[in-house]
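First up is the structure itself, then whatever we jot down about it.
All of these numbers come straight from a predicted model, not from anything done at the bench.
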Amino acid sequence: MNLKVMIAEDDVAMSQVIMDSVLEISGIEVVGVAANGIVALEVFERLLPQVVVVDIDLPGMDGLALAKEIFEINPWTYLVFCTGFPDYRAEAFELYAFDYLVKPFRMDRIKQTLGRIIKLESNKIKPIAPNESAVKNWALNQGTRIFRDTDKIVMLNLKEIIFFTKEDRKTVAYYDGGKVAVEETLALLEDKLRDQMFYRAHKGFLINLPMIREFVP
């Protein structure tokens with residue numbers, strides 16, 4: 001499966017140069033290009049690319065604000081800043097930027113960055129194989145969901161989960177007995193568990209309503 005990349009760059013010539021360089025890499029697919037920060041956010045929400053190559057100086061919404069919005073939607077997104085402003089490096093890395101390239105830079109540099117991302121993605125735990133579908137079906141019949149942590153698969157009964165939240169760049173499930181990091185975003189979990197008594201009480205919390213014991217104003 002190809003790595004989906006979006007480019008947010010208002011300079012048409014630079015956007016084309018970046019696209020041409022990216023497309024030379026095997027396993028890369030450019031799914032969207034936007035010259036405006038607000039449009040870029042709309043494109044990201046619709047296509048959910050794994051990588052966003054973003055400029056700082058964007059009309060409508062600057063690159064840092066755009067990165068914050070993207071992080072709220074999916075904190076696992078690889079953010080690669082390509083900008084002529086070296087002074088925002090610290091702010092970018094506070095948003096967990098994967099890389100920060102200052103223009104002008106050699107196109108080989110962005111290829112190296114994307115090559116590292118491809119390698120990281122290829123080393124992630126793979127989805128459940130088709131021959132393990134019986135285990136998945138059994139789990140669902142028992143009211144259990146399978147969550148993929150970075151190095152293991154965890155089976156949890158939904159009734160045991162107290163809430164989901166975000167810690168650093170990870171979504172974390174707190175359950176009766178501990179916590180575990182999961183791959184799904186809060187938005188995706190909210191959609192999947194809409195009929196399972198889970199409620200998005202806050203942008204950072206998805207709670208299991210039957211687990212509530214008291215309200216404190």
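- By the criterion of side-chain heavy atoms lying less than 4.5 angstrom apart, applied directly or through intervening Ile, Leu, Val, Met, Phe, Trp or Tyr residues, I70 is grouped together with I38 in one hydrophobic cluster.
- Looking at every heavy atom in both residues, K159 comes nearest to M211 through O-CE, 3.0 Å.
- By the criterion of side-chain heavy atoms lying less than 4.5 angstrom apart, applied directly or through intervening Ile, Leu, Val, Met, Phe, Trp or Tyr residues, L193 is not grouped with M197; the two fall into different hydrophobic clusters.
- The CG atom of L186 sits 6.5 Å away from atom CG of L206, with the distance rounded to the nearest 0.5 Å.
- Put simply, CZ on R116 and CZ on F98 are 4.0 Å apart, with the number rounded to the nearest 0.5 Å.
- Of the inter-residue distances, the one linking E72 atom CD with K166 atom NZ reads 4.0 Å to the nearest 0.5 angstrom.
- The same ILVMFWY cluster, assembled from side-chain heavy atoms under 4.5 Å apart, contains both M6 and I73.
- Between F198 and F164, the ring center distance clears the sub-6.0 Å criterion.
- Taking NZ of K68 as the reference point, atom CD of E91 lies at 8.5 Å (rounded to 0.5 Å).
- Here the side chains of N36 and M61 are not in contact, with every heavy-atom distance at 4.5 Å or above.
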Item to complete: Give the intermediate values and the outcome of side-chain contact (heavy atoms from CB on, under 4.5 Å) for residues S15 and I7.
Response: CA-CA 7 Å; S15 179; I7 300 170; 3.9 Å; yes
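- Taking each heavy atom of G63 and F81 in turn, the nearest pair found is O-CE2, 4.0 Å.
- Side-chain atoms of T165 never come within 3.5 Å of backbone atoms of F205 as a donor-acceptor pair (strictly under, hydrogens ignored).
- Within the 4.5 Å cutoff, the side chain of I110 has heavy atoms near those of the C82 side chain.
- In the model, T113 has a side-chain atom that pairs as donor or acceptor with a side-chain atom of D99 under 3.5 Å.
- Of all the heavy atoms in I212 and I207, the pair that sits closest is CD1-CD1, 3.9 Å.
- Between V180 and V172 there is no side-chain heavy-atom pair separated by less than 4.5 Å.
- Counting only N and O atoms by type, the side chains of Y199 and E190 include no donor and acceptor under 3.5 Å apart.
- When all heavy atoms of V182 and A173 are compared, the closest pair comes out as CG1-CB, 4.4 Å.
- Contact detail for L66 and G37: the closest heavy-atom pair is CD1-O, 3.7 Å.
- At a threshold of 4.5 Å between non-hydrogen side-chain atoms, the residues Y174 and E167 count as touching.
- Hydrophobic clustering keeps L188 apart from L41 (ILVMFWY residues linked when any side-chain heavy atoms are closer than 4.5 Å, directly or through intermediates).
- Listed for the R200 side chain is a donor-acceptor partner under 3.5 Å among the backbone atoms of H202.
- A donor and an acceptor atom, one from each side chain of D20 and Q16, are located under 3.5 Å apart.
- Of the residues listed (L209, L158, N208), the one engaging Q196 in a side chain to side chain contact (heavy atoms under 4.5 Å, CB included) is L158, and it is the only one.
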Worksheet item: Passes side-chain contact (heavy atoms from CB on, under 4.5 Å), I118 versus I28? Steps please.
Response: CA-CA 9 Å; I118 291 173; I28 292 285; 3.8 Å; yes
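- Contact check for D11 versus D55: no side-chain heavy atoms found under the 4.5 Å cut-off.
- The backbone N or O of K4 lies less than 3.5 Å from a partner atom in the side chain of Q50, making a donor-acceptor pair.
- Within the model, atoms CD of Q112 and CZ of R106 stand 8.0 Å from one another, a figure rounded to the nearest 0.5 Å.
- Follow the hydrophobic side-chain contacts under 4.5 Å out from I18 and you reach Y78 in the same cluster.
- Of the possible donor and acceptor atoms, none in the side chain of T77 sits under 3.5 Å from a partner among the backbone N and O of L79.
- Side-chain contact between E121 and L3 is present, with at least one heavy-atom pair separated by less than 4.5 Å.
- Put simply, the side chain of L101 does not reach to within 4.5 Å of the side chain of V53, judged on heavy atoms.
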Practice prompt. Mind running side-chain contact (heavy atoms from CB on, under 4.5 Å) on V43 and R46 for me, showing each step along the way?
Written response: CA-CA 5 Å; V43 173; R46 187 173 72 253; 4.2 Å; yes
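- D62 contributes atom CG, which lies 7.0 Å from atom CD1 of I56 (distance to the nearest 0.5 angstrom).
- Ring planes of F93 and Y100: tilted class, angle from 30 to 60°.
- For Y88, the OH atom sits in a loose shell: 12 or fewer heavy atoms of surrounding residues, nucleotides or ligands are nearer than 6.0 Å.
- Under the 4.5 Å side-chain criterion, counting only non-hydrogen atoms from C-beta, F44 is in contact with V52.
- Of the possible donor and acceptor atoms, none in the side chain of E29 sits under 3.5 Å from a partner among the backbone N and O of V31.
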